[in-house]
Trainee: 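One structure is given below, represented as structure tokens, and several questions about it will come after.
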Amino acid sequence: MKISQTLFVTLKEEPADAEVRSHALMVRAGFIQQIAAGIYVYGPLMWRVLRKVEAIVRAEHDRVGGQELLMPALQPRELWEESGRWGRYVADKILYHFQDGRGRDVCLGPTHEEVITNFVKGKLSSYKQLPQTLYQIQTKFRDELRPRFGLMRGREFIMKDAYSFDADAESMAASYAVMREVYRRIFTRCGVRFTPVEADAGAIGGSGSEEFMVDADTGEDAIAVCRSTGYAANTEKAVSQIAPAPPAPAEVAMHREPTPGAKTCADLRALFPGLPLERMLKTILYRAVWADREQTVAVMCRGDREINVVKLQNHLGCLSVQLAEEKAVKAATGAEVGFAGPLGLQADVQLLADRSVEGVQGFLCGGNETDVHVLDVWFGRDLPQPPTYDFGLVQAGDLTRDGQGTIEITRGIEVGHIFQLGTKYSESMDCRYADEQGKLQPFHMGCYGIGISRTAAAAIEQGHDEAGMIWPLPIAPYHVMLIQMRAGDEAQDALAQELHDQLEAAGAEVLWDDRKMGAGAKFKDADLVGIPLRVVIGRDAGDRKVEWKPRVGGEVEVISADDVLGRVQAALAAASA
RNA sequence: CGGGGUGUACCUCAGCGGUAGAGGGGAAGCUUUGGGAGCUUCCAGCCGCGGGUUCGAAUCCCGCCACCCCGACCA
């Protein structure tokens, strides 16, 4: 393809609003254009990348018998009431929903469990048809509270979602294992470095769940990993062994002390230098919302630890948990924020504790009175220890749960997420098959998502340098950048045309820079767009000599034009191996 | 949803009471031709929207909207 005949427009200047490199580079290179917050046009080059990712995704799903279909983006409320998710998604403000011309509630699909379940109902009716996996690649809509980082978190984005249907839990686990392998193959083929991690199932629900994270410091997700044991989990889900409670001090009666302005553990450390953080118990107030009620929940936690809201929400089984507002804190404690404690909370507040408080005695906690904390408090003596659960957030340096290794926190971009749903949707939506005895049984389902557009962005986040993008060959918009130094030069025109035709005939995709521009500009554009293989046709064209100049690595080599095809084919073969 | 910031040409921005600007970009011409080349001419703007103050508003005031950032939140 000749650049002179394509919509190829690059920008010299950085877009002011791009925070991450992938976003800035894609805008500069004309790959994307923002239309509104989190909503983008994918330009021709970007679309080629997306189609390549899609092709890999399709090939790997088809390889294990996946069947592609296409479901509607526009969906009726009734379907979402059947699964019981309308309320939660509306409460989370993530659902685009509105009334159509006749006053019917509809939404733009953020995910498709409801539609797929409805679709297979009555079609998959016998155990003889199982297992089956269906998938689609389609635009998803989510009204993210804060879209950001270009394609990383959009409100409209391209996703592959797959759904498996099995007879029982064991078979579901087998289907899940197959998909886990499919995912590994997909991301490996895309040429990105990634880490599979244990994950929280969140709003989707179900039992087992793993995420596929592209390793990148700019990723939004924090991951707990252990090099020695291989443990890897999203910090939302991760469990660890925490340092034991410090020894109890000599037992003295609890006493209230003035602590003016001391609202944080750091403030209190300054006030009581002899008291270790581990003997300060914070009490944090949350507002938990269920479909039919709300409650203030107080959670105690050791001073050196943090609460993991996801674990708390899962324990409570509620729709959402957020930090209580100042007003609610005052109502529950009778004090300003920063002085909450377990003693003397309002009766309607549920008191829970993270397991980090277990064994802590003679501790400090909030006094439920502004500028007052209580010291030398003992569980058992001064108050019963609240029920404890694991609500803790893992921290770097924690031991793994088995004690065999140390946890590090790294970051990643979530590009895939797989779930064992179990019978959650098939039960609620009454989607069943007949087993060998002719008895109706709910399907055991799995669901599997890949952010297609996010994967492309993540590849850039991982592959770029000062000058621009560096695409992995399998998902690059073109394989070869053919840079012709002087358009109009007879020898160069002829050789470029010849190489272009030869390479294309051999199945290589060639972007031919035939523009009448300065050399510098062409090289800058080539660096920016990041097509991995590059051939420069310049002054030696008359002697059938060209330069072999890959986007990264390797020295520039002057080679015979007759060797170009071989080089390109070797690179393509190596990339698909 | 809280806090902060920004809206001026297709892009990046300057101008901050007195005739709408620069650079990039695009068009034309001449020169140039291996890492964003030079000169000349031209193109391009309801200064986010609405109200107010003023002889006069891009500029000051009020309201709204959009976008960005931090937080909250999030498959």
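Order of the sequence lines fixes the chain letters, A, B, ..., with proteins taken first and strands second; residue numbering starts at 1 for each chain.
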Trainee: Does any N or O in the side chain of A/Lys522 come within less than 3.5 Å of the main-chain N or O of A/Arg515, such that one atom is a donor and the other an acceptor?
Mentor: yes
Trainee: Categorize A/Ala521 for me: base, sugar-phosphate, or nothing, with a 4.0 angstrom heavy-atom threshold over every strand shown.
Mentor: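 Answer is base: heavy atoms of A/Ala521 come under 4.0 Å of a base.
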Trainee: NA contact type, A/Gly449, heavy-atom cut-off 4.0 Å: base, sugar-phosphate, or nothing?
Mentor: nothing
Trainee: Give the intermediate values and the outcome of side chain to side chain contact (heavy atoms under 4.5 Å, CB included) for residues A/Asn234 and A/Met213.
Mentor: CA-CA 9 Å; A/Asn234 191 310; A/Met213 297 286 187; 3.6 Å; yes
Trainee: Rounding to the closest angstrom, what is the interatomic distance between B/C70 and B/C62 at atom P?
Mentor: 27 Å
Trainee: Answer yes or no: does a side-chain N or O of A/Arg146 lie under 4.0 Å from OP1 or OP2 of B/C69?
Mentor: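 Yes.
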Trainee: If you measure from the C1' atom in B/U8 to the same atom in B/G15, how many Å do you get, rounded?
Mentor: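 One C1' to the other, the span is 9 Å.
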Trainee: For the pair made of CD in A/Glu211 and P in B/C74, what is the distance, rounded to whole Å?
Mentor: 13 Å
Trainee: Per the side chain to side chain contact (heavy atoms under 4.5 Å, CB included) rule, which among A/Arg184, A/Glu211, A/Arg180 passes with A/Pro196?
Mentor: A/Arg184
Trainee: Just the rounded figure in Å: distance from C1' of B/A66 to CD1 of A/Ile35.
Mentor: 13 Å
Trainee: State whether A/Gln313 places a side-chain N or O below 4.0 Å from either non-bridging phosphate oxygen (OP1 or OP2) of B/C74.
Mentor: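 For A/Gln313, the contact criterion (side-chain N or O under 4.0 Å from OP1 or OP2 of B/C74) is met.
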Trainee: What integer distance in Å separates A/Glu326:CD from B/G2:P?
Mentor: 14 Å
Trainee: Nearest to the side chain of A/Gln322, heavy atoms from C-beta on, is which of B/G35, B/C67, B/A72?
Mentor: B/A72
Trainee: Return all side-chain donor-acceptor pairs below 3.5 angstrom for residues 25-41 of chain A, not counting sequence neighbours, or 'none' if the list is empty.
Mentor:
unit_1	atom_1	unit_2	atom_2	d
A/Arg28	NE	A/Leu11	O	2.9
A/Gln34	NE2	A/Ala36	O	3.2

Trainee: Not counting sequence neighbours, which residues clear ring pair (Phe, Tyr, Trp, His ring centres under 6.0 Å) with A/Phe119? List them please.
Mentor: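 Ring pair (Phe, Tyr, Trp, His ring centres under 6.0 Å) check on A/Phe119 returns nothing, list empty.
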Trainee: Which whole number of Å gives the distance between the C1' atom of B/G63 and that of B/G25?
Mentor: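 To the nearest whole Å, 37 Å.
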Trainee: Taking the same atom, C1', in B/C13 and in B/G7, what whole-Å distance lies between them?
Mentor: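 So the two C1' atoms sit 12 Å from each other.
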Trainee: Looking at the rings of A/His315 and A/Phe391, which for Trp means the six-membered one, are their centres under 6.0 Å apart?
Mentor: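 Between A/His315 and A/Phe391, the centre distance is under 6.0 Å.
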Trainee: Could you please name the partner base of B/U6, counting Watson-Crick and G-U wobble pairs only when both distances are under 3.5 Å?
Mentor: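 In the structure as shown, B/U6 has B/A66 as its Watson-Crick or wobble partner.
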Trainee: Give a yes/no on whether any side-chain N or O of A/Arg148 is located under 4.0 angstrom from OP1 or OP2 of B/C70.
Mentor: yes
Trainee: What parts of residues 19-34 of chain A reach RNA chain B, counting only heavy atoms under 4.0 Å away?
Mentor: A/Glu19, A/Arg28, A/Gln34
Trainee: Does any N or O in the side chain of A/His500 come within less than 3.5 Å of the main-chain N or O of A/Ala496, such that one atom is a donor and the other an acceptor?
Mentor: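 Flag not set: sc A/His500 to bb A/Ala496 has no pair under 3.5 Å.
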Trainee: Strictly below 4.0 Å: does A/Arg153 bring a side-chain N or O up to OP1 or OP2 of B/C73?
Mentor: no
Trainee: With sequence neighbours left out, what residues match A/Glu557 under side chain to side chain donor-acceptor pair (under 3.5 Å)?
Mentor: A/Arg567
Trainee: Which nucleotide, if any, forms a Watson-Crick or G-U wobble pair with B/C39, using both distances under 3.5 Å?
Mentor: B/G29
Trainee: For the side chain of A/Leu145, starting at C-beta, report the closest nucleotide among B/C11, B/C73, B/U33.
Mentor: B/C73
Trainee: Does the ring centre of A/His23 sit less than 6.0 Å away from the ring centre of A/Phe149?
Mentor: no
Trainee: So what's B/C47 paired with, Watson-Crick or G-U wobble, going by both distances under 3.5 Å?
Mentor: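 Its partner: none found.
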Trainee: Pairs under 3.5 angstrom, nitrogen or oxygen only, protein versus nucleotides 24-32 of chain B, please.
Mentor:
unit_1	atom_1	unit_2	atom_2	d
B/G24	O3'	A/Lys12	NZ	3.4
B/G25	OP1	A/Lys12	NZ	3.4

Trainee: Round to the nearest Å and state the distance from A/Glu144 atom CD to B/C74 atom C1'.
Mentor: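 Going from CD in A/Glu144 over to C1' in B/C74 covers 6 Å.
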Trainee: State which residues pass ring pair (Phe, Tyr, Trp, His ring centres under 6.0 Å) with A/Tyr163; sequence neighbours excluded, sorted by chain then number.
Mentor: none
Trainee: Mark yes or no for a side-chain to base donor-acceptor pair under 3.5 Å between A/Glu547 and B/G34, with no hydrogen or angle criteria applied.
Mentor: yes
Trainee: In whole Å, measure the gap between the P atoms of B/G18 and B/G3 for me.
Mentor: 34 Å
Trainee: Using Watson-Crick or G-U wobble geometry with both distances under 3.5 Å, which nucleotide pairs with B/G21?
Mentor: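 When the pairing criteria are applied, B/C13 turns out to be the nucleotide that pairs with B/G21.
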Trainee: Taking atom C1' in both B/G24 and B/A37, compute the distance separating them and give it to the nearest angstrom.
Mentor: 15 Å
Trainee: Test salt bridge (Lys or Arg N to Asp or Glu O under 4.0 Å) on A/Arg193 and A/Asp215 and set out the steps.
Mentor: CA-CA 6 Å; A/Arg193 298 183 302 279; A/Asp215 307 329; 5.2 Å; no
Trainee: What distance, rounded to whole Å, do you find between the two C1' atoms, one in B/C47 and one in B/U32?
Mentor: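 One C1' to the other, the span is 38 Å.
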Trainee: Are a donor atom and an acceptor atom from the side chains of A/Thr264 and A/Asp267 found within less than 3.5 Å of each other?
Mentor: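 Yes - a donor-acceptor pair under 3.5 Å links their side chains.
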Trainee: If we take the C1' atom in both B/U59 and B/U53, what is their distance in whole Å?
Mentor: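 One C1' to the other, the span is 13 Å.
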Trainee: Side chain of A/Lys549, heavy atoms from C-beta onward: which of B/G34, B/C13, B/G35 has the nearest atom to it?
Mentor: B/G35
Trainee: Need to verify one output field. Residue with the more 5' nearest nucleotide on RNA chain B, A/Arg534 or A/Glu325?
Mentor: A/Glu325
Trainee: Tell me the interatomic distance from A/Arg539, atom CZ, to B/G35, atom C1', rounded to whole angstroms.
Mentor: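 So the CZ-C1' distance, A/Arg539 to B/G35, works out to 12 Å.
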Trainee: Which whole-number value in Å describes the distance from A/Arg142 CZ to B/C73 C1'?
Mentor: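 So the CZ-C1' distance, A/Arg142 to B/C73, works out to 14 Å.
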